[in-house]
A.B. asks: 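Submitted below is the structure of interest, expressed as structure tokens.
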Amino acid sequence: MEEERTPEETAKMEAEQLRIEVKLTREKISKVAPDILAHVESNMADDPLVKGVPEDKNPFKEKGGCVIS
């Protein structure tokens with residue numbers, strides 16, 4: 001189980017994350033959108049959200065059912 005963090009620990013973690021994020025290079029969406037679109041379209045055939053998951057490989061498939069009559 002995860003331990004509860006004190007407000008000070010949470011603030012330190014958030015400050016560290018902000019230090020990391022401020023160093024990231026930012027690009028305008030108008031510049032990178034064509035690259036994102038090309039990436040999505042080139043990987044669409046393998047995307048389970050687009051083509052679905054085969055029943056035999058679906059880990060969330062119900063194993064059995066219950067029949068109430």
Side-chain angles (χ1 to χ4, degrees):
M1 232 173 131
E2 192 173 318
E3 295 179 26
E4 291 290 321
R5 293 185 181 96
T6 65
E8 293 82 12
E9 292 172 327
T10 302
K12 285 180 183 180
M13 288 177 62
E14 290 173 355
E16 181 59 32
Q17 183 63 35
L18 289 172
R19 285 187 194 97
I20 293 168
E21 289 179 19
V22 77
K23 296 175 186 176
L24 294 175
T25 303
R26 308 283 180 174
E27 296 288 341
K28 292 188 179 223
I29 191 68
S30 59
K31 182 177 178 183
V32 298
D35 294 336
I36 295 170
L37 184 60
H39 173 76
V40 169
E41 288 176 344
S42 68
N43 291 297
M44 199 175 340
D46 298 324
D47 191 334
L49 295 176
V50 174
K51 75 174 201 171
V53 178
E55 287 295 319
D56 60 334
K57 294 186 180 182
N58 185 352
F60 301 105
K61 178 182 173 187
E62 291 188 28
K63 304 295 185 228
C66 177
V67 177
I68 299 175
S69 52

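Along the sequence shown, residues are numbered consecutively beginning with 1. Just so it is clear, the model here is predicted, and its values are computed rather than measured.
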A.B. asks: Using side-chain contact (heavy atoms from CB on, under 4.5 Å), reason through V40 and D47 one step at a time and then give a plain yes or no.
C.D. replies: CA-CA 9 Å; V40 169; D47 191 334; 6.0 Å; no
A.B. asks: Are any of the side-chain heavy atoms of E16 and I20 separated by less than 4.5 Å?
C.D. replies: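 Yes, close enough: below the 4.5 Å cut-off.
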A.B. asks: Check each of R19, M13, E21, E14 against Q17 using the side-chain contact (heavy atoms from CB on, under 4.5 Å) test, and report the only one that passes.
C.D. replies: E21
A.B. asks: Between atom CD of E9 and atom CD of E4, what is the distance when rounded to the nearest 0.5 Å?
C.D. replies: 10.5 Å
